[in-house]
Amino acid sequence: MVTNKTASKQDEQEIIELWDRSVTATHDFLTQEDKETMREEIPGLFQFVDLQLWYACNELVGFSGRNKHSLEMLFIDPQFTAKGYGTAILQELITRYGITDVDVNEQNTVAKKFYLKNGFRIKARSKLDGQNRPYPILHLSNSDL
């Protein structure tokens, strides 16, 4: 159903555009200023993750970034949401790469529901995001370890 390839520097603009569409559709709680700041910050994070592009029928569906067993980012193009692609990608990440942990914005109710439906449980909560912005983060795990 989905295939993946490792992203390269040449894919960066396409990734940022997909990120923007996804965040616009799912992160209505962000201020415009914070969204613009995050858009500028995200390319700097790519060097710290295994960045994968995910395709269905040669169309870019989404991208993921993982660091060891932690899913650091998963963004799906809104035109492909609620069609099973996110679940297929997540299950592939769990099966192939052993993903056990993911953080999600508490206000992103769609993502929270998605991860809980896929076997993750809330392990902890932080009042601020990783950049000390006022967006609470839920720390999820599908492992008891």
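It should be emphasised that the depicted structure is a prediction, and the values quoted were computed from it without experimental measurement.
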May I have the step-by-step check of side-chain contact (heavy atoms from CB on, under 4.5 Å) for Leu30 and Met38, ending in yes or no? CA-CA 10 Å; Leu30 293 177; Met38 290 174 186; 3.6 Å; yes
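- Taking hydrophobic clusters as Ile, Leu, Val, Met, Phe, Trp and Tyr residues chained together by side-chain heavy-atom distances below 4.5 Å, Leu90 shares a cluster with Tyr85.
- Under the 4.5 Å side-chain heavy-atom criterion for grouping Ile, Leu, Val, Met, Phe, Trp and Tyr, Val110 is not connected to Ile76 through any hydrophobic cluster.
- Under the side-chain hydrogen bond (donor to acceptor under 3.5 Å, both in side chains) test applied with Tyr135, the options Asp34, Asp129, Asn108, Asn105 reduce to a single match, Asp34.
- Leu74 and Leu51 fall into different hydrophobic clusters, where Ile, Leu, Val, Met, Phe, Trp and Tyr are joined by side-chain heavy atoms under 4.5 Å apart, directly or via other members.
- Looking at every heavy atom in both residues, Leu18 comes nearest to Gly62 through CD1-CA, 3.8 Å.
- Val2 and Leu60 fall into different hydrophobic clusters, where Ile, Leu, Val, Met, Phe, Trp and Tyr are joined by side-chain heavy atoms under 4.5 Å apart, directly or via other members.
- Residues Thr31 and Glu33 bring no donor and acceptor atom of their side chains to less than 3.5 Å of each other.
- Considering only heavy atoms from C-beta on, His139 comes within 4.5 Å of Asp103 through its side chain.
- The CD atom of Gln91 sits 11.5 Å away from the CD1 atom of Ile99 when rounded to the nearest 0.5 Å.
- From Lys123, atom NZ reaches atom CG of Leu140 across 10.0 Å, with rounding to the nearest 0.5 Å.
- With Glu106 as the partner, the salt bridge (Lys or Arg N to Asp or Glu O under 4.0 Å) test is satisfied by one option alone out of Lys112, Arg125, Lys113: Arg125.
- When only modelled atom types and interatomic distance are considered, Asp11 and Ser8 share a side-chain donor-acceptor pair under 3.5 Å.
- Side-chain contact between Gln107 and Pro136 is present, with at least one heavy-atom pair separated by less than 4.5 Å.
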Can you check side-chain contact (heavy atoms from CB on, under 4.5 Å) on Leu93 and Trp54, steps first, answer last? CA-CA 11 Å; Leu93 288 164; Trp54 295 88; 3.8 Å; yes
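- Atom CE of Met73 sits about 9.0 Å away from atom CD1 of Ile15, to the nearest 0.5 Å.
- Crowding of Lys68 atom NZ: a count of heavy atoms from other residues, nucleotides or ligands under 6.0 Å not exceeding 12.
- The number of heavy-atom neighbours closer than 6.0 Å to CD of Glu14, taken from other residues, nucleotides and ligands shown, is 12 or below.
- Remark: the backbone N or O of Trp19 is not paired with any side-chain donor or acceptor of Ser22 at under 3.5 angstrom.
- Side chain of Asp77 to main chain of Gln79: a donor-acceptor pair is present (N/O by atom type, distance under 3.5 Å, no hydrogens or angles).
- No salt bridge links Lys83 with Glu59; every basic N to acidic carboxylate O contact stays at or beyond 4.0 Å.
- By the 4.5 Å heavy-atom criterion applied to side chains, Arg133 and Thr37 are counted as neighbours.
- Taking CG of Leu53 as the start and OG of Ser64 as the end, the distance is 8.5 Å to the nearest 0.5 Å.
- At least one donor-acceptor pair closer than 3.5 Å links the side chain of His69 to the backbone N or O of Gly98.
- For the side-chain contact (heavy atoms from CB on, under 4.5 Å) criterion with Phe120, the lone passing option out of Asp101, Ile94, Thr100 is Ile94.
- In this structure, the separation between CD1 on Ile89 and OH on Tyr55 is 11.5 Å, given to the nearest 0.5 Å.
- Ion pair Arg39/Glu36 not flagged as a salt bridge, since none of the NZ, NE, NH1 or NH2 atoms sits closer than 4.0 Å to an Asp/Glu carboxylate oxygen.
- Rounded to the nearest 0.5 Å, atoms CZ (Phe29) and OG1 (Thr109) are 9.0 Å apart.
- Inspection of the Asp50 and Tyr97 side chains reveals no N or O donor paired with an N or O acceptor under 3.5 Å.
- Hydrophobic clustering places Leu71 together with Phe80 (ILVMFWY residues linked when any side-chain heavy atoms are closer than 4.5 Å, directly or through intermediates).
- Considering all non-hydrogen atoms of both residues, Ala111 and Val104 come closest at CB-CG2, 3.5 Å.
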